[in-house]
Engineer: 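I have a structure here, written as structure tokens, and I will follow up with some questions on it.
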Amino acid sequence: MSDVRVRFAPSPTGFFHIGSARTALFNWLYARHAGGTFVLRIEDTDRARNTDESLQVLLDGMRWLGLDWDEGPDAGGDYGPYFQSQRQSIYDTYLKRLHDAGRTYEKDGAIWFKLEGERYTAYDKFLEAEVEKVKTKPVVIDDLIRGRVERAEERDFVLVRKDGSPAFHFVNVVDDIAMRITHVIRGEDHLSNTSKHVELFKAFGVEPPKFAHIPLILKEAGSGKMSKRDKGALIEEYESRGFLAAAVRNYISLLGWNPKDEREKLDIGEIIELFDFPGINKGNSRFDEKKLAALNAEYLRELNIESFTFLARPLLNEAGVIGEGLDEDYLQAVLTLCQPKARSLDTLSELCGYFFRDAYAMDEKTGAKIAKKTDPEALLAEVLPILDTVEPFKADAIKSALELHAAAEDQPVFAYFPALRYAISGQGGGPDLLPMLEVMGRERVTARIRKFIA
RNA sequence: CUCCCGUUCGUCUAGCCUGGUCUAGGACACAUGGUUUUCAUCCAUGCAACAGGGGUUCGAAUCCCCUACGGGAGGCCA
């Protein structure tokens, strides 16, 4: 195992969104690529908004995506505890070091970090107040993705809040030191904060880890980075909609990273092998659910029928399409027909619901289209006796019988198809018609046609 | 307002470091056609981009500068 140690340090908010998931994924990928250690650290210093449920959402999301951590909650490790709320004594020790070095002071009941440099007061337009500023020497951040970035911090910041709880910048740096983190891979939204962190590392006399600030994911529509409230932002949503974890993982790995060749569908082993900093982009990327859906469809089609059925069942159940007394063989036969047409599992009930329910909606547009060109009732009346009697009720036999009749009527056989499909499914599209008739069975098919004609 | 980061088809991106092979490649989406029925599958074709301006150079998507635009940060949130 290499000495690479990376961490994903989320704050449990009750959501696990795409941006966080991608940061977690990139950290995990790099750890696996380098043969290092992936640490999961829970940054729960904000007492107001941390609950067990929130933590659970996070851990479930991580597990669903297959991002296993080597150290952290439920995993243990030599650098615990992995909840910041349990690390108070460590923060006390580190705070004392800063205090002894003369780098802290108290103000308004909070403990502040003291920057080094000439002090002056100035009116700050953004804060709309007179504030004390410090002329510091700019710190240099050697970013693995952005190169050399220089930035000067100009205001002291809070280390410990009035209520005694340690604040983000402080605990983040302390833990990265204490947990011997070698690479900090995080969103670019933290780049501006990094000068604070570097000041802290310097005050502790510790060499900072290597930083890699990855581009942000922008919302699909409108401006700004994606946040919890945006459409499609939550990982849990993809899980419940029946997206495949492998597809989601593959898609988000491609947001801001690429394997430098033209492949897009990559299995996780390949991604791990190819993943590295030079492949990471600088520019932000916009989330595109259609592309995710397309990739998901590819993964879906590759599934064997057992896995496909396993995943589809709960969604069909939820949609009320299937229920008690279900014929398993029939379900399997139907899904075998529908799988090649499926783009996502959450629309499967619309795609194939009529196989199970006699009360299916008739798509008016399709009906009008068919009625405009032909007389569907008449065509179906012609065909009904054939379907009543053809033996066996199998695709091939049905096809031959229909062809025979069509020839006698001097019609192409497919003249009957649209009306037939529409009568038994209410739709204009779907699986191949002949196998579909076979699977539905004589009874169901003829009953539906009779009802349609009547 | 200040500081930081970025900018190739509508979107994700290759190419940029190491200037010529780029009439800028792929994918999603879209459009058309095909797969002798349908279709959200499959195949083919098409559409479509180097943000703008100035340099440097024989030559710039590639190097430099400026402008514009986009994003982020500036919390006793993380």
Engineer: If you measure from the C1' atom in C42(B) to the same atom in C4(B), how many Å do you get, rounded?
Structural biologist: 48 Å
Engineer: Is it true that Asp143(A) and Lys282(A) make a salt bridge, defined as a side-chain N closer than 4.0 Å to a carboxylate O?
Structural biologist: no
Engineer: May I ask you to verify if any side-chain N or O of Arg151(A) is less than 4.0 angstrom from the OP1 or OP2 atom of C5(B)?
Structural biologist: no
Engineer: Work out how far the P atom of G19(B) is from that of U57(B), and round it to whole angstrom.
Structural biologist: 16 Å
Engineer: Could you work out the separation of G71(B) and U11(B) based on their P atoms and round it to a whole Å?
Structural biologist: 13 Å
Engineer: For C63(B) and U56(B), measure between their C1' atoms and round to the nearest Å.
Structural biologist: 8 Å
Engineer: What's the gap between U8(B) and G15(B) when it is taken at their C1' atoms, as a whole Å value?
Structural biologist: 9 Å
Engineer: NA contact type, His213(A), heavy-atom cut-off 4.0 Å: base, sugar-phosphate, or nothing?
Structural biologist: nothing
Engineer: Which nucleotide, if any, forms a Watson-Crick or G-U wobble pair with A27(B), using both distances under 3.5 Å?
Structural biologist: U11(B)
Engineer: What's the gap between A60(B) and U21(B) when it is taken at their P atoms, as a whole Å value?
Structural biologist: 11 Å
Engineer: On the nucleotide G75(B), are OP1 or OP2 found under 4.0 Å from the side-chain N or O atoms that Arg161(A) carries?
Structural biologist: no
Engineer: Under 4.0 Å between a side-chain N/O of Ser195(A) and OP1 or OP2 of C4(B), yes or no?
Structural biologist: no
Engineer: Examine the base of G74(B) for any acceptor or donor lying under 3.5 Å from a partner atom in the side chain of Ser192(A), and report the outcome as yes or no.
Structural biologist: no
Engineer: Hey, is CD on Glu130(A) packed in by over 12 heavy atoms from elsewhere, all under 6.0 Å?
Structural biologist: yes
Engineer: Between the protein and nucleotides 11-13 of chain B, which nitrogen or oxygen pairs are less than 3.5 angstrom apart?
Structural biologist:
residue : atom : partner   : partner atom : Å
C12(B)  : OP1  : Arg286(A) : N            : 2.8
C12(B)  : O2'  : Leu254(A) : O            : 3.3
C12(B)  : O2   : Lys291(A) : NZ           : 3.4
U13(B)  : OP1  : Gly256(A) : N            : 2.5
U13(B)  : O3'  : Asn258(A) : ND2          : 2.9

Engineer: If I pick the C1' atom on U23(B) and the same atom on A48(B), what distance separates them, to the nearest angstrom?
Structural biologist: 15 Å
Engineer: Rounding to an integer number of angstrom, what distance separates G26(B) and C1(B) when you compare their C1' atoms?
Structural biologist: 43 Å
Engineer: Hey, what's the ring geometry for Phe277(A) with Tyr30(A), parallel, tilted or perpendicular (30° and 60° as the breaks)?
Structural biologist: tilted
Engineer: Using 0.5 Å steps for rounding, measure from the NZ atom of Lys341(A) to the CG atom of Asp432(A).
Structural biologist: 5.5 Å
